[in-house]
Amino acid sequence: MTGIRLDSVSKVYAGGHLAVDELSLEVADGEFMVLLGPSGCGKTTVLRMIAGLEEVTDGQVWFGRTEATPMTPKDRGVAMVFQNGALYPNRTARENIIFPLRMAGEDPVEASAKAAGLAQILGIDGALDRLPWTLSGGQRQRVAIGRAIIRQPQVFLMDEPLSNLDATMRTELRQEIGSMTRDMKVTTVYVTHDQVEALTLADRIAIMRDGKIEDVGTPAQVYDDPATAFTAGFLGTPRINLIGATVQVTARHRVTLAFGTQSIALPPTDRRSMILSHHDGEQVVVGARSDAFALTTDTDATNQLTGTLRALEFHGHQWIAFVDSGVELLSPDLIGLSKRKRSRANSEGRPTSHSAGSRAHRTAGRVSAFGAKTRSLIRKATPAPPELITSPTHRRSDLVLEIDNTGGLSAGDRIRLALDVSRIHIFDPHGHRVDRVKR
Ligand code: ATP
């Protein structure tokens with residue numbers, strides 16, 4: 001077994017497309033690392049560079065203390081499972097699983113015993129003598145995993161192995177992959193765009209965007225303490241509310257975050273208060289998950305937002321409320337994008353702001369509080385085209401919050417929301433946290 005280190009690895013495909021951009025990552029010996037990110041962010045390319053199936057344009061791949069960059073895939077001791085683990089159609093499940101051992105000249109009796117042990121772990125012991133076409137998709141994928149892992153690889157790579165399975169099968173096999181890789185203590189890199197798979201399987205998750213890593217940490221770290229607005233937006237259902245705000249500092253160094261006509265105050269003891277007290281008038285992005293809000297009737301309490309309840313959705317164990325509060329909601333996909341990529345995203349019709357028709361209140365080209373000269377994130381909002389309105393009950397201008405019971409509320413009611421400021425994250429205009437994130 002071995003750890004993996006990617007040292008400033010880049011991949012430029014023919015035609016000049018930069019798919020992976022100076023990416024560095026360490027995976028410890030025996031660790032289960034998940035690469036998570038939207039389609040096209042470079043996850044599969046990273047996996048294929050680790051396997052040696054894709055040449056590295058720049059940088060190095062290390063397996064332990066050995067540089068693997070010049071090694072052939074065969075010499076790397078890597079096993080890989082894809083979305084559709086292709087099997088030999090005229091061989092039984094058992095013969096498929098032991099095939100790599102037969103090729104390596106291993107004793108057939110021992111190979112068969114190993115296959116039987118693995119089949120039990122993978123829950124296919126009753127199907128070992130069947131041909132692939134008689135197996136379900138989940139069973140076939142289990143056979144493919146068994147065949148990959150039976151050689152006891154140094155490194156186990158999986159590229160969306162569950163994406164072609166139905167929901168029940170996905171959950172079952174996900175749990176089996178988790179317990180099998182932990183039992184075998186094999187270093188694993190697993191690619192997915194499914195946050196549930198990432199959060200449930202990973203020792204650590206690397207969140208990727210545009211060929212780079214945005215954040216790396218344990219599932220709890222990246223969910224509860226995200227380093228960037230993109231990470232905060234990628235993890236969590238419903239999606240986090242990312243609200244454009246202006247820092248306002250009073251004469252007594254009290255820090256208020258103004259959302260247009262509404263505002264919240266940070267306690268003076270909050271370390272973000274100290275950081276922001278030097279940045280009066282600057283823009284920030286406030287991230288508040290749907291459960292950071294609570295309905296209140298207390299008119300005197302601090303840190304409240306008011307709004308109109310636009311819709312309620314019943315989700316079984318809770319209700320999701322959509323509230324029109326007039327604040328400016330931002331798309332995590334656009335925060336921190338370069339000017340070029342942002343204008344490309346805009347021309348592709350992605351919204352710059354969730355808020356339809358709210359007023360612009362920023363100036364472009366000012367020096368940011370956090371060092372670099374940046375354009376304002378929050379620009380004059382244009383109404384979202386109808387196709388971007390995700391459902392009749394979810395307009396992108398709505399704050400989204402969870403409530404346990406509706407207490408007789410209905411659409412059109414004015415409501416008060418208490419916001420727990422200890423649970424908000426504050427990001428600079430580039431999408432980075434203004435306070436330091438420990439990993
Ligand atoms: P998905 O989740 O959709 O599989 P991904 O995050 O795994 O996406 P990659 O498949 O690594 O992303 O692709 C990263 C980028 O590189 C994409 O823009 C893709 O179009 C491009 N790309 C991938 N393979 C090639 C190739 N062989 N030639 C040129 N461009 C490629």
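Whatever order the structure lists them in is the order used to number ligands and atoms, beginning at 1.
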(message) Is it the case that over 12 heavy atoms from other parts of the model lie below 6.0 angstrom from the CG atom of Asp404?
(response) no

(message) Please check: side-chain N/O of Thr181 versus main-chain N/O of Ile177, any donor-acceptor pairing under 3.5 Å?
(response) yes

(request) Could you check Arg209, Arg439, Arg433, Gln221 and say which one makes a side-chain hydrogen bond (donor to acceptor under 3.5 Å, both in side chains) with Asp215? (result) Arg439

(request) For the residue pair Glu402 and Ser290, confirm or rule out a side-chain donor-acceptor distance under 3.5 Å. (result) yes

(request) Return yes when atom CD of Gln83 has more than 12 non-hydrogen atoms of other residues, nucleotides or ligands closer than 6.0 Å, and no otherwise. (result) yes

(message) Tell me which residues fall inside the under-4.0 Å heavy-atom shell around ligand 1.
(response) Tyr13, His17, Ala19, Pro38, Ser39, Gly40, Cys41, Gly42, Lys43, Thr44, Thr45, Glu160

Donor-acceptor pairs are to be reported for all side-chain atoms of residues 41-54 against protein atoms at under 3.5 Å, with residues two or more places apart or in another chain.
unit_1 : atom_1 : unit_2 : atom_2 : d
Lys43  : NZ     : Gly37  : O      : 2.9
Lys43  : NZ     : Pro38  : O      : 3.1
Thr44  : OG1    : Asp159 : OD1    : 3.4
Thr44  : OG1    : Asp159 : OD2    : 3.0
Thr45  : OG1    : Tyr13  : OH     : 2.9
Arg48  : NE     : Glu54  : OE1    : 3.1

